Structure formats: C-alpha cells, structure tokens
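Down below is the structure, laid out as structure tokens.
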Amino acid sequence: MKKSLTKIIVAALTLTSLAGAVSLTPAPTANAASWHKGSPKAFIGSWKTDGFTAYKFTKSTITVYGKGGGTSKSMYKYLGHKKYAIKYKVQGYNYKETFTYINSHKIKGHGFYLTTLFVKLS
C-alpha cells in the first residue's frame with residue numbers, strides 16, 4: 001500500500017511539473033512589422049540627387065522621375081533603425097526599394113546596386 005501511494009504521489013508531482021513547464025514556454029510571436037498604405041510622414045516632399053528631382057512622396061503616392069518614371073500608390077514597411085522599405089508599381093513593373101531616414105533634409109536610398117544620398121527640395 002505504501003508503494004502504490006508513493007507511485008501516485010510521484011505521478012502527480014511529475015504531471016504538475018510538466019504542466020508548469022508547458023505554461024512557462026513562450027508562445028511564438030507574430031511578425032509585428034506590416035505593410036502600411038501611403039508614404040512615411042518623414043518622406044513627404046520632393047527629393048533630389050545630383051541636382052535632379054528623383055522622387056516625390058505624397059501622403060498616398062510616389063512619383064518617380066527617371067527609370068521609366070510615373071506616379072503610383074505606395075506602401076511602406078518600417079524595418080527598424082530609421083529604415084523603410086517602399087513598394088510601388090510604375091508602368092507595369094513592381095519595385096521595392098529601401099530608404100534610410102537620416103534627418104529632415106536627407107534620406108539614403110538603397111537599390112539598383114547603388115547607395116544614393118537624396119536631399120529634400122520641399
């Protein structure tokens with residue numbers, strides 16, 4: 001009788017410790033970054049490089065000058081540490097470029113094998 005009581009107590013303690021270990025295991029987290037419609041507020045305005053206007057961001061669109069050019073709706077995703085990914089479609093081609101916000105007058109573009117500094121016009 002003493003052995004069976006000991007086995008029951010050991011089994012109960014084992015189940016209790018397993019239940020505690022399962023409850024302490026963290027749940028998998030979702031990817032918090034998501035795509036937002038429009039442009040980041042800090043990017044709104046015209047940006048130039050080498051004296052020529054390259055991009056114009058508005059609240060909901062992006063206008064691209066050069067490389068085919070055109071205006072389209074934009075989406076952005078915050079990547080962390082002042083870095084944003086911008087998606088847009090111009091003349092049937094989908095583009096995804098990465099920009100780093102330096103300050104209110106400068107952003108750095110990463111794409112097409114280049115790193116380009118853009119200066120704000122307005």
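Quantities reported herein were computed from a predicted structural model and do not represent experimental measurements. Along the sequence shown, residues are numbered consecutively beginning with 1.
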So how far is it from [X] [atom1] to [Y] [atom2], rounded to the nearest 0.5 Å?
X	Y	atom1	atom2	result
K108	T116	NZ	OG1	10.0 Å
Y101	K106	OH	NZ	12.0 Å
K82	I107	NZ	CD1	13.0 Å
K96	K77	NZ	NZ	6.0 Å
W47	F118	CH2	CZ	10.0 Å
S34	Y76	OG	OH	9.0 Å

(message) How about NZ on K48, more than 12 heavy atoms from neighbouring residues, nucleotides or ligands closer than 6.0 Å, or not?
(response) no
(message) Can you confirm whether more than 12 heavy atoms, excluding those of H36, are under 6.0 Å from its NE2 atom?
(response) yes
Residues in side chain to side chain donor-acceptor pair (under 3.5 Å) contact with [X], at least two apart in sequence or another chain:
X	answer
T49	none
T100	H110
T98	none
S46	none

(request) Classify the angle between the aromatic ring planes of Y95 and Y88 as parallel (below 30°), tilted (30 to 60°) or perpendicular (above 60°). (result) parallel
(request) For K89 and K73, indicate whether the former's side chain and the latter's backbone hold a donor-acceptor pair under 3.5 Å. (result) no
(request) For S39 and T58, indicate whether the former's side chain and the latter's backbone hold a donor-acceptor pair under 3.5 Å. (result) yes
(message) Is the shortest side-chain heavy-atom distance between K87 and N94 below 4.5 Å?
(response) no
(request) Decide yes or no for Y65 and F52: does some side-chain heavy atom of the first lie under 4.5 Å from some side-chain heavy atom of the second? (result) no
(message) Taking transitive links into account, so neighbours of neighbours count too, which hydrophobic residues share a cluster with M75 at under 4.5 Å side-chain distance?
(response) W35
(message) Side-chain heavy atoms under 4.5 Å apart, restricted to Ile/Leu/Val/Met/Phe/Trp/Tyr: what other residues fall into the cluster of I102, or is it alone?
(response) L117
(message) Quick check: F99 with Y55 (ring centres under 6.0 Å apart)?
(response) yes
